[in-house]
**Student:** 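Pasting a structure below so you can have a look.
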Amino acid sequence: MRPDHPTPPPPTHRRRAGRDRPHRLWAAALVAALAAVATVAVSLAAPAPARAAGLEEVTGFGSNPGNLRMFRYVPDGLPQDRPLVVALHGCTQSAAEYDDETGWTELADRHGFAVLLPEQRSLNNGNMCFNWFQNTDTSRGSGEALSVVQMMDRMRADTGVDPGRSYVTGLSAGGAMTAVMMAAYPDRFDGGAVVAGIPYRCASSVVDAFGCMNPGSDRSAAQWGDAVRGASSHTGPWPTLSVWHGTSDTTVAPVNQRELVEQWTHVHGTDATADASDTVAGYPHRVYQDAGGEPVVEEYEITGMGHGQPVDPGSGAGQCGRAAPYVLDVGICAAHHIAQFWGLGGGDPGPDPDPEPGDGTAVLGSDDARDGYVKAAADGSSAAVGTLEGSLGLAVGRGVDGRHSRTVLSFDTSALPDGATVTGAHLTVARTSGSGDPWADPAGNTLVADVHGGCLGGGCTVAADDWSAPADAPAAAQLPRPASGTAESGMFDAAGLAAIDPAGTTQVRLRFAQAPAGTAYVFLGAADRATLTVTYQT
């Protein structure tokens, strides 16, 4: 059916007071419209490989006023105090059709977190859409929103997930419901990500919801922000937000992306003018910072994409997901970049739950005693070891003194098994603070990683000559801007893999490929906040 000519299915309903039959018929028409995708043809990929852990249904998680089902994915051997991601499916989908397709369970294995997947019932909504437009389901303390929170409490009781590290994301109606959860329960989430969704309280009735979907509702940032602030007594801090939308989406108009940015930048007390912009995998990406320079909202504009969730199937460090209905292979995996924005990319994923014979993975924290940074003029002259590591971290870029810093990280790669053949490696770092945008000064600047087997310069302790000492594999990988929390490099090239020393120390030097003309730098954490992940065969 076409989104402009919805055909209502037979009336279905939840057995709760206060919902009359005509209302349900309108709701059925609305969810049919949300489910339609007129512009994208989707091909199905091969099934994802089996894993030791699996999707599990859980019952008995509270009063469940929204009458939802609870599913969860917990990687085998997941320690306590790990993060939790709540993933909300779109219309016509189920938990099982949203878990590995979008890449979330794949990333849970890779980075070590649990995934909660609430599922709608057809009794509540004929096309399995979350009821983002019903006040009873979108208010704190009632309906579907409260059911999700009760599931989170059950996850904490059963698995010991960290209550202070919870995140929520969703597609389409699930994206609209993500905005609901962030607004109604901002105290329960550190971050959210809305994919092809709608701002909180755009609609409070079924009739309103049609206009919110398309052409969208144009309100002031203050009006949007007031809606969020009025949803609870919370006064901050507020969850950060990542927004994704296809420019050719005719089901949920792309204007909703802009309205979401306005809503949440206003909540964070900043404006809707981007502080940094670039392209990621060829798609426009913009970042909005608060008064302290911290990223609080980001948005990805997926050029030419219709209604769905972006994925990039493959085994690369930045790839995940598989194509399915409303899950679109467009060369970028939203789940991966969202996890990076939330700071979930640096966790130790533990052992592969289903390894190939002879394969292994090691996640190595840097050796803090041998980490450091070196400052010099742009040509490398007058080099000296930096002194702010203990208070601010490891510097990369141009400081306020006009000097250019490079960071050196040391890893004890002798932890790899004897005779191991390195088959892959990538670096993960954590941004602690910074100033300016060295990725844009000059335009297109890149942060590269030089890899060296053994120690750069004259020894393994950071020294002045490490600034320009030759490396076995110059620019073996690039790291994206760590917008918030962590950033994960691309896979090391062949020279970078060959440079890793399985019998001793491997050092990685981080530097900007071009010297910034003005003050533009970041400080990075060391020790367990900088990790080298190595895959190998024995």
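Here, residue 1 is the first one in the sequence, and each next residue gets the next number. Values reported hereafter were calculated over all heavy atoms of this structure, with side chains retained and with hydrogens, waters and symmetry mates removed.
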**Student:** May I ask you to decide if the ring planes of Y98 and H89 are parallel, tilted or perpendicular, using 30° and 60° as cut-offs?
**Tutor:**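 Y98 vs H89 ring planes: perpendicular.
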**Student:** Does any N or O in the side chain of D137 come within less than 3.5 Å of the main-chain N or O of G66, such that one atom is a donor and the other an acceptor?
**Tutor:**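 Not a single qualifying donor-acceptor pair exists.
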**Student:** Run the numbers on M155 and V74 for side-chain contact (heavy atoms from CB on, under 4.5 Å), then give the verdict.
**Tutor:** CA-CA 10 Å; M155 287 288 290; V74 182; 4.3 Å; yes
**Student:** Does Y521 reach the side chain of S405, with side-chain heavy atoms less than 4.5 Å apart?
**Tutor:** no
**Student:** Where does the angle between the aromatic ring planes of W244 and H337 fall among parallel (under 30°), tilted (30 to 60°) and perpendicular (over 60°)?
**Tutor:**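 Taking H337 first and then W244, their aromatic rings sit tilted (interplane angle of 30° to 60°).
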**Student:** Is it true that a side-chain atom of Q80 and a backbone atom of G160 form a donor plus acceptor pair closer than 3.5 Å?
**Tutor:**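 Not a single qualifying donor-acceptor pair exists.
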**Student:** Which pair of heavy atoms, one from Q150 and one from P65, lies closest together, and at what distance?
**Tutor:**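 Looks like OE1-CD, 3.6 Å.
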**Student:** Do the non-hydrogen side-chain atoms of Y373 and D466 ever get within less than 4.5 Å of each other?
**Tutor:** no
**Student:** Short question: side chain of R140, backbone of S232 - any donor-acceptor pair under 3.5 Å?
**Tutor:** no
**Student:** Quick one: closest heavy-atom pair of C202 and S217, and the distance?
**Tutor:**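 Of all heavy-atom pairs spanning C202 and S217, the closest is SG-CB, 3.7 Å.
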**Student:** Are any non-hydrogen side-chain atoms of D109 and P75 less than 4.5 angstrom apart?
**Tutor:** yes
**Student:** Give the minimum heavy-atom separation between Q319 and D312, together with the two atoms involved.
**Tutor:** CB-O, 3.1 Å
**Student:** Could you walk me through whether T169 and Y167 pass side-chain contact (heavy atoms from CB on, under 4.5 Å), step by step?
**Tutor:** CA-CA 7 Å; T169 183; Y167 307 87; over 6 Å; no
**Student:** Between V85 and W342, is there a side-chain heavy-atom distance shorter than 4.5 Å?
**Tutor:**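 They are in side-chain contact.
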**Student:** List the atom of A463, the atom of V374, and the distance in Å for their closest heavy-atom pair.
**Tutor:**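 Looking at all heavy atoms of both residues, the closest pair is O-CG2, 3.3 Å.
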**Student:** Once you round to the nearest 0.5 Å, how far does OG1 of T506 lie from CG of L364?
**Tutor:**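 If we round to the nearest 0.5 Å, T506:OG1 and L364:CG are 8.5 Å apart.
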**Student:** Yes or no on side-chain contact (heavy atoms from CB on, under 4.5 Å) for V168 and R188, after CA distance, side-chain angles and deciding distance?
**Tutor:** CA-CA 10 Å; V168 60; R188 299 298 297 265; over 6 Å; no
**Student:** Pairing donors with acceptors under 3.5 angstrom, does anything connect the side chains of H266 and R229?
**Tutor:**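 Yes, a side-chain donor-acceptor pair sits under 3.5 Å.
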**Student:** Show your reasoning for whether salt bridge (Lys or Arg N to Asp or Glu O under 4.0 Å) applies to D275 and R286.
**Tutor:** CA-CA 8 Å; D275 296 289; R286 292 176 286 274; over 6 Å; no
**Student:** Can a donor-acceptor pair be found, under 3.5 Å and without considering hydrogens, that links the side chain of S489 to the backbone of L427?
**Tutor:**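 Present.
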**Student:** Report the C-alpha separation of S139 and R201 in whole Å, then their side-chain angles, then the decisive distance to 0.1 Å, and conclude whether the side-chain hydrogen bond (donor to acceptor under 3.5 Å, both in side chains) test is met.
**Tutor:** CA-CA 10 Å; S139 298; R201 282 286 196 256; 3.0 Å; yes
**Student:** Check whether the side chains of Q93 and E101 place a donor and an acceptor atom closer than 3.5 Å, and report yes or no.
**Tutor:** no
**Student:** Is the shortest distance from a Lys or Arg side-chain nitrogen in R72 or D158 to a carboxylate oxygen in the other one below 4.0 Å?
**Tutor:** yes
**Student:** Quick check: does any side chain N or O of H245 sit under 3.5 Å from a backbone N or O of S248, one acting as donor and the other as acceptor?
**Tutor:**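 No.
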**Student:** Any luck finding a side-chain donor-acceptor pair between Q309 and T102 under 3.5 Å?
**Tutor:**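 The answer is no; no qualifying pair exists.
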**Student:** Between D290 and W238, is a side-chain contact (heavy atoms from CB on, under 4.5 Å) present by the stated rule, with each step listed?
**Tutor:** CA-CA 11 Å; D290 63 13; W238 298 93; over 6 Å; no
**Student:** Write down the atom of E301, the atom of Y283, and the distance for their closest heavy-atom approach.
**Tutor:**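 That would be O-CB, 3.6 Å.
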**Student:** What I'd like to find out is whether the side chain of L392 reaches to under 4.5 Å of the side chain of T432, using heavy atoms alone.
**Tutor:**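 Sidechains of T432 and L392: no contact.
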**Student:** Take atom CZ of R219 as the centre, draw a 6.0 Å sphere, and report whether it contains more than 12 heavy atoms from other residues, nucleotides or ligands.
**Tutor:** yes
**Student:** Could you tell me the separation between the CD atom of Q263 and the OG1 atom of T265, rounded to the nearest 0.5 Å?
**Tutor:** 9.5 Å
**Student:** With distance as the sole criterion, is a donor-acceptor pair present between the side chains of S172 and H307 under 3.5 Å?
**Tutor:**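 Present: a donor and an acceptor within the cut-off.
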**Student:** Is the gap between the ring centers of W439 and F512 under 6.0 Å?
**Tutor:**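 Ring centres of F512 and W439 closer than 6.0 Å.
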**Student:** What I'd like to find out is whether the side chain of V296 reaches to under 4.5 Å of the side chain of L241, using heavy atoms alone.
**Tutor:**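 A side-chain contact is absent here, since even the closest heavy-atom pair is not under 4.5 Å.
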**Student:** Under a 3.5 Å cutoff, is there a donor and acceptor pairing between the side chains of S204 and N135?
**Tutor:**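 No, no side-chain donor-acceptor contact under 3.5 Å.
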**Student:** Closer than 3.5 angstrom, by distance alone: can the side chain of R509 be matched with the main-chain N or O of R406 as a donor-acceptor pair?
**Tutor:**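 Absent.
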**Student:** Rounded to the nearest 0.5 Å, what separation is found between the CG atom of L88 and the OG1 atom of T178?
**Tutor:** 4.5 Å
**Student:** Do V206 and D208 have side-chain heavy atoms sitting under 4.5 Å apart?
**Tutor:** no
**Student:** Any heavy-atom pair between the side chains of L84 and M152 that's under 4.5 Å?
**Tutor:** yes
**Student:** Go through it in stages, so that I can follow the logic: the residues are D81 and R156, the test is salt bridge (Lys or Arg N to Asp or Glu O under 4.0 Å), and I'd like the CA-CA distance, side-chain angles, deciding distance and then a yes or no.
**Tutor:** CA-CA 9 Å; D81 296 322; R156 181 182 178 185; over 6 Å; no
**Student:** Could you report the tightest heavy-atom contact between I302 and V330, atom names first, then the distance?
**Tutor:**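 Smallest heavy-atom distance, with atoms named: CG2-CG2, 4.0 Å.
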**Student:** To the closest 0.5 Å, what do you measure between CE (M305) and CG (D329)?
**Tutor:**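 Atom-to-atom, M305:CE and D329:CG are 11.5 Å apart.
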**Student:** Judged by atom type as modelled, is there a donor-acceptor pair below 3.5 Å linking the side chain of T138 to the main-chain atoms of W132?
**Tutor:** no
**Student:** Parallel, tilted or perpendicular: which one describes the rings of W264 and H268, with boundaries at 30° and 60°?
**Tutor:** tilted
**Student:** Using 0.5 Å steps for rounding, measure from the OG atom of S433 to the CG atom of L388.
**Tutor:** 9.5 Å
**Student:** Are the side chain of R398 and the backbone N or O of A517 linked by a donor-acceptor pair below 3.5 Å?
**Tutor:** yes
**Student:** So how far is it from D271 CG to Q289 CD, rounded to the nearest 0.5 Å?
**Tutor:**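 Output value for this atom pair is 10.5 Å.
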**Student:** Taking D162 for the side chain and R82 for the main chain, is one N or O donor matched with an acceptor at less than 3.5 Å?
**Tutor:**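 Answer holds: no.
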**Student:** Checking side-chain hydrogen bond (donor to acceptor under 3.5 Å, both in side chains) for the pair D278/H285: CA distance, chi angles, key distance, verdict?
**Tutor:** CA-CA 5 Å; D278 60 0; H285 170 233; 2.9 Å; yes
**Student:** Do any N or O atoms from the side chain of Q257 and from the backbone of Y300 form a donor-acceptor pair under 3.5 angstrom?
**Tutor:** yes
